[in-house]
Amino acid sequence: MNEQVRPLGVALLGCGVVGSQVARLLLEDARDIGARVGAPLRLVGIAVRRADREREGLPAELFTTDAESLIARDDVDLVVEVIGGLEPARTWILQALNAGKSVVTANKALLAEDGQTLVAAADERGVDLYFEAAVAGAIPIIRPMRDSLVGDQVTRVMGIVNGTTNFILDKMHTAGAGFAETLSEAQALGYAEADPTADVEGYDAAAKAAILATLAFHTRVTLGDVYREGISDVSRADIAAAEAMGMVVKLLAICELEEDEDGTRRVSVRVHPAMLPVRHPLASVGGAFNAVFVETKSAGQLMFYGQGAGGAPTASAVLGDLVTVARHRVSGGRGARSAVYNELPIAPIGDVITSFHIALEVEDTVGVLAKVAQVLADHHVSIMTMRQEDANGTARLVLGTHAARNADVEATVDELVAIPEVFEVSSLMRVEGR
Ligand SMILES: NC(=O)c1ccc[n+]([C@@H]2O[C@H](COP(=O)([O-])OP(=O)(O)OC[C@H]3O[C@@H](n4cnc5c(N)ncnc54)[C@H](O)[C@@H]3O)[C@@H](O)[C@H]2O)c1
Ligand SMILES: N[C@@H](CCO)C(=O)O
Ligand code: NA
């Protein structure tokens, strides 16, 4: 390497699960990273909440509690944000971009809420904003969507994009494990968000869905546009019902481009638990692994698979971005500008068409099945499969529907629970990939 090349200075904001791994790898692999960039990358400082804490393997003199002064330093060219949350992350990223420094972030929550403001600031100053780590951890998915597939037309994205909930659901299936203990395990392994409600209630997956849909359909999709259900209502009955039908329960993020016969286009973006047949490629994605299934007009189907959470895997994606934006500095350019040029409306969840699994606990008397079938027919919900299990004077009716409007199924269920012989809906879940 040419010894005359000026080192590029890196400011790291945050030193938690991801940040500590980014710092470690930057120091450990400095020689290789510098050779790949074409200039040495120098870790100039790390902004933390408490600078007096000892952090193994990291020199104490790097730490500061004054993030703004660190970002402003003349010898800082690149800023990595891995503190998470909306503020002060947004203010600090904007400070860096406005000062002409490229930014790498893993912050899906902020990108899904206000990514447009950050992208506009980066475009305005002609610097890079890269965020591979924000969706599906180590898996290259942002750059394939932004670069490799940018000449194609993405029509659908379906993925498992939250490691924590996949870890929990997997344990519910394989070990019959309880929810609380499995969540604690996921937290100890560094998969969960600072507030794990973001994982469990689907906010994290919804943020990632918003980012993916924005890139896929070149239209602005924010967290508020995403229909969201988490996994806290997934019961043992749901898991057992899925297994009895040769399916597994997964938390899915689904982004679809809909086109009417008259050419009117809409986007539907949703996150919810769903049953998937065990033969479906996403069904075998276990533990904290993630996978994203992409369908396009010309390429057809593609699948991306790998570690979706955890310190080192996420740091891999951060460093990949850091080397890339550093290379742009060395060569004097930047990555492509954002290509969000559509203004597509968002389809309400009621209009979305999916199959459902419905299990009803009913009185075992003459005519109940006929009443149930009539309610479905009244709402244009077509039955695909029907099974009855008997138990001590009550019966369980297990129905599989053909694809139906979600609003029609919701109205159907409201009416079914009002039938006196129907005691309860013991399991209700969408079915995908059948
Ligand atoms: N952990 C993962 O598997 C993973 C994967 C992909 C993306 N992410 C994202 O990466 C980011 C970081 O996640 P994490 O798991 O490392 O979180 P973490 O909670 O382990 O680390 C965040 C660090 O930032 C520090 N911090 C918070 N506010 C600060 C402030 N005002 N000033 C200085 N430091 C501050 C915290 O003290 C903590 O050390 C988040 O945006 C998260 O969503 C995490
Ligand atoms: N909490 C997130 C981290 C990766 O984005 C997850 O479990 O997937
Ligand atoms: Na990624």
Side-chain angles (χ1 to χ4, degrees), residues 11-23 45-51 53 55 63-68 70-71 80-93 104-113 130-146 159-169 183 185-208 211-212 215 230-231 251 253 271 285 287-292 304-321:
L12 179 62
L13 312 180
C15 195
V17 170
V18 179
S20 59
Q21 295 302 309
V22 171
I46 307 176
V48 290
R49 273 211 186 103
R50 282 189 46 202
R53 256 186 58 202
R55 290 158 170 104
F63 291 95
T64 172
T65 53
D66 186 354
E68 291 185 7
L70 173 63
I71 296 164
V80 176
E81 183 276 309
V82 278
I83 59 173
L86 301 186
E87 285 297 345
R90 173 175 24 211
T91 301
W92 292 348
I93 291 175
V104 173
T105 176
N107 194 333
K108 53 264 166 142
L110 174 57
L111 288 162
E113 190 73 35
Y130 271 53
F131 46 90
E132 184 57 76
V135 180
I139 305 175
I141 182 67
I142 296 297
R143 281 200 266 156
M145 298 286 275
R146 198 153 91 162
I160 294 169
V161 293
N162 182 268
T164 302
T165 48
N166 201 56
F167 183 82
I168 294 172
L169 290 172
L183 174 59
E185 209 182 322
Q187 286 177 292
L189 290 165
Y191 302 149
E193 293 304 299
D195 175 1
T197 314
D199 299 294
V200 171
E201 296 304 341
Y203 291 100
D204 178 77
K208 291 162 176 169
I211 295 168
L212 286 175
L215 290 173
I231 64 162
L251 184 71
V271 166
V285 176
F289 277 78
N290 283 189
V292 186
F304 302 83
Y305 170 82
Q307 296 202 62
T314 307
S316 162
V318 170
L319 283 167
D321 279 353

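This is a predicted model, so every value here is computed, not measured. Order of listing sets the numbers, starting from 1, for every ligand and every atom in it.
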Asker: Output the list of atoms in ligand 2 that are nearer than 4.0 Å to some heavy atom of A192, sorted by atom number.
Answerer: 1 (N)
Asker: Check each atom of ligand 2 against the heavy atoms of N162 and keep those under 4.0 Å away; list them by number with element.
Answerer: 2 (C), 6 (C), 7 (O), 8 (O)
Asker: So, T197 and D195: side-chain donor and acceptor under 3.5 Å apart, yes or no?
Answerer: yes
Asker: Can you list the atoms of ligand 1 that are under 4.0 Å from a heavy atom of E193?
Answerer: 42 (C), 43 (O)
Asker: Under 4.0 Å from any heavy atom of Y191, which atoms of ligand 2 are there?
Answerer: 1 (N), 2 (C), 3 (C), 6 (C), 7 (O)
Asker: How long is the straight-line distance from OG of S316 back to CD of Q21, given to the nearest 0.5 Å?
Answerer: 11.5 Å
Asker: Could you identify the single nearest non-hydrogen protein atom to atom 7 (O) of ligand 2 and state the distance to 0.1 Å?
Answerer: T164 OG1, 2.6 Å
Asker: Quick one: are V271 and L251 in side-chain contact, heavy atoms under 4.5 Å?
Answerer: yes
Asker: Near V82, which atoms of ligand 1 are under 4.0 Å from a heavy atom of that residue?
Answerer: 12 (C), 22 (C)
Asker: Would you say that V200 contacts L183 through its side chain, given a criterion of any heavy-atom pair below 4.5 Å between the two side chains?
Answerer: yes
Asker: Report the distance from atom OG1 of T105 to atom CD1 of I93, rounding to the nearest 0.5 Å.
Answerer: 4.0 Å
Asker: Less than 4.5 Å apart, any side-chain heavy atom of R90 and any of N107?
Answerer: no
Asker: If the cut-off is 4.0 Å to any non-hydrogen atom of G84, which atoms of ligand 1 fall inside it?
Answerer: 40 (C), 41 (O)
Asker: Hey, are the side chains of W92 and I71 touching, using non-hydrogen atoms and a 4.5 Å cut-off?
Answerer: yes
Asker: Side chains of R143 and D321: closer than 4.5 Å at any heavy-atom pair?
Answerer: yes
Asker: Identify the protein heavy atom lying closest to atom 32 (N) of ligand 1, giving its residue, its atom name and the separation to 0.1 Å.
Answerer: W92 CH2, 3.5 Å
Asker: For ligand 2, which part of T165 has a heavy atom less than 4.0 Å away: the side chain, the backbone, both, or neither?
Answerer: neither
Asker: Could you tell me whether a side-chain N or O of E132 sits under 3.5 Å from a main-chain N or O of I141, the two making a donor and an acceptor?
Answerer: yes
Asker: Starting from atom 5 (C) of ligand 1, what is the nearest protein heavy atom, named by residue and atom, and what distance separates them?
Answerer: T314 OG1, 3.1 Å
Asker: Classify the ring geometry between F167 and Y191 as parallel (under 30°), tilted (30 to 60°) or perpendicular (over 60°).
Answerer: perpendicular
Asker: Return yes when at least one protein heavy atom is under 4.0 Å from atom 15 (O) of ligand 1, and no when none is.
Answerer: yes
Asker: Using 0.5 Å steps for rounding, measure from the CD1 atom of I142 to the NZ atom of K208.
Answerer: 10.5 Å
Asker: Flag this pair as yes if the NZ/CZ of R146 is under 6.0 angstrom from the six-membered ring centre of F131 and inside a 45 degree cone about the axis; otherwise no.
Answerer: yes
Asker: Any chance OH of Y203 has more than 12 other-residue heavy atoms, nucleotides or ligands included, within less than 6.0 Å?
Answerer: no
Asker: Contact between F131 and ligand 1, counting heavy atoms under 4.0 Å?
Answerer: no
Asker: What's the count of protein N, O or S atoms under 3.0 Å from the Na ion (ligand 3)?
Answerer: 5
Asker: What protein heavy atom sits nearest atom 23 (C) of ligand 1, and how far away is it?
Answerer: G16 N, 3.8 Å
Asker: Among protein heavy atoms, which lies nearest atom 10 (O) of ligand 1, and at what distance?
Answerer: A106 CB, 3.4 Å
Asker: Which one holds for A89 and ligand 1: side chain close, backbone close, both close, or neither close, with close meaning a heavy atom under 4.0 Å?
Answerer: neither
Asker: With the side chain counted from C-beta on, respond yes when V22 and L12 share a heavy-atom pair under 4.5 Å apart, and no when they do not.
Answerer: yes
Asker: Answer yes or no for A133: is there a heavy-atom contact with ligand 1 below 4.0 Å?
Answerer: yes
Asker: So do the side chains of P144 and F304 get within less than 4.5 Å of each other, counting heavy atoms only?
Answerer: yes
Asker: Counting from 1, what ligand 1 atoms have a heavy atom of G190 closer than 4.0 Å?
Answerer: 1 (N), 2 (C), 3 (O)
Asker: Which ligand 1 atoms are under 4.0 Å away from a heavy-atom of A309?
Answerer: 3 (O)
Asker: Do me a favour and list the nearest non-hydrogen protein atom to atom 33 (C) of ligand 1 with residue, atom name and distance?
Answerer: V48 C, 3.4 Å
Asker: Between the candidates K208, R49, Q307, K108, which shows the shortest non-hydrogen contact distance to atom 8 (N) of ligand 1?
Answerer: K108
Asker: Do any N or O atoms from the side chain of E81 and from the backbone of I83 form a donor-acceptor pair under 3.5 angstrom?
Answerer: yes
Asker: Can you name the nearest heavy-atom pair linking I46 to C15, along with the distance?
Answerer: CG2-CB, 3.9 Å
Asker: Considering both backbone and side-chain atoms of V18, is one of its nitrogen or oxygen atoms within less than 3.5 Å of a nitrogen or oxygen in ligand 1?
Answerer: yes
Asker: Is there a donor-acceptor pair under 3.5 Å between the side chain of N166 and the backbone N or O of V285?
Answerer: yes
Asker: I'd like to check whether K108 has a polar contact with ligand 2, where a contact means an N/O of the residue lying under 3.5 Å from an N/O of the ligand.
Answerer: yes
Asker: Which atoms of ligand 2 are found less than 4.0 Å from any heavy atom of D199?
Answerer: 1 (N), 2 (C), 6 (C), 7 (O)
Asker: Who gets closest to atom 4 (C) of ligand 2 by heavy atom: G137, G308, G163?
Answerer: G308
Asker: Does V80 reach the side chain of L13, with side-chain heavy atoms less than 4.5 Å apart?
Answerer: no
Asker: Atoms of ligand 2 less than 4.0 Å from E193 heavy atoms?
Answerer: 1 (N), 2 (C), 3 (C)
Asker: Starting from atom 17 (O) of ligand 1, what is the nearest protein heavy atom, named by residue and atom, and what distance separates them?
Answerer: V17 N, 4.5 Å
Asker: Please compare A288, G310, A194 and report which has the shortest non-hydrogen distance to atom 3 (O) of ligand 1.
Answerer: G310
Asker: Taking salt bridge (charged side-chain N to carboxylate O under 4.0 Å, His left out) as the test, write out the residues that go with E193, two or more places apart.
Answerer: K108
Asker: Within less than 4.0 angstrom of ligand 1, does P88 place any heavy atom?
Answerer: yes
Asker: Which protein heavy atom lies closest to atom 25 (C) of ligand 1, and at what distance to 0.1 Å?
Answerer: I83 CG2, 4.1 Å
